[in-house]
Amino acid sequence: MRKPRDIDAELKALQEKAKQLKVQRTLQLGELVGATGADTLSIEALAGVLLAAVEQADGKPEAVARWTERGTAFFLTGAKKNVRKGSGKDQNGITDA
């Protein structure tokens with residue numbers, strides 16, 4: 001005879017796994033902010049940059065493609081080496097402000 005499944009225990013285990021994955025994602029995003037040097041921006045400025053990027057991504061898939069290439073290069077070259085230090089403008093013509 002088959003053993004009955006404990007659906008409540010399985011659901012609890014899945015919820016715990018989802019919680020762990022959310023925590024891991026949050027930590028990784030924080031590490032990314034630090035690795036890119038974005039931690040030098042105020043929280044308000046960082047939020048504004050991210051909101052602008054989300055808005056721009058919605059209407060300009062070519063911008064997302066450029067960002068993806070740049071992000072890939074960032075990780076391939078060892079992160080910190082690729083961070084700008086107040087150079088005025090980045091590759092996409094966005095000024096430091």
Side-chain angles (χ1 to χ4, degrees):
M1 186 174 209
R2 267 180 48 179
K3 188 176 182 182
R5 288 175 61 182
D6 187 352
I7 294 176
D8 289 335
E10 289 179 26
L11 180 59
K12 188 173 181 172
L14 286 173
Q15 289 171 333
E16 183 60 33
K17 181 66 175 175
K19 185 177 177 183
Q20 289 173 350
L21 290 172
K22 185 175 181 181
V23 168
Q24 181 182 7
R25 180 171 171 82
T26 301
L27 289 171
Q28 288 175 333
L29 289 170
E31 290 172 1
L32 180 61
V33 168
T36 60
D39 57 337
T40 61
L41 298 173
S42 70
I43 294 294
E44 296 82 4
L46 183 57
V49 168
L50 292 172
L51 289 169
V54 169
E55 290 169 2
Q56 192 175 39
D58 195 28
K60 297 183 180 177
E62 66 278 0
V64 176
R66 282 193 318 272
W67 299 337
T68 301
E69 289 174 14
R70 192 163 178 205
T72 300
F74 176 79
F75 288 113
L76 290 176
T77 60
K80 284 282 187 188
K81 295 177 189 175
N82 216 8
V83 175
R84 300 183 281 117
K85 299 290 183 197
S87 61
K89 288 190 176 188
D90 70 3
Q91 291 177 349
N92 295 322
I94 300 171
T95 58
D96 291 340

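Start at 1 with the first residue, then count along the sequence.
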Evaluate the side-chain proximity of Glu16 to Gln20: yes if any heavy-atom separation is below 4.5 Å, no if none is.
yes
Side chains of Lys19 and Lys22: closer than 4.5 Å at any heavy-atom pair?
no
Glu10: side-chain hydrogen bond (donor to acceptor under 3.5 Å, both in side chains) partners, not counting sequence neighbours:
Arg5
Counting only heavy atoms not in Asp58, do more than 12 sit closer than 6.0 Å to its CG atom?
no
May I have the step-by-step check of side chain to side chain contact (heavy atoms under 4.5 Å, CB included) for Leu50 and Leu46, ending in yes or no?
CA-CA 6 Å; Leu50 292 172; Leu46 183 57; 4.3 Å; yes
Only one of Leu41, Asp39, Thr40 passes side chain to side chain contact (heavy atoms under 4.5 Å, CB included) with Val33; say which it is.
Asp39
Please report the closest heavy-atom contact between Trp67 and Ala57, naming both atoms and the distance.
CZ3-CB, 3.9 Å
Quick one, Arg25 and Leu29 - any side-chain contact, counting heavy atoms below 4.5 Å?
yes
What is the distance from atom CD of Gln56 to atom CD of Glu62, rounded to the nearest 0.5 Å?
8.0 Å
What I'd like to find out is whether the side chain of Gln15 reaches to under 4.5 Å of the side chain of Leu11, using heavy atoms alone.
yes
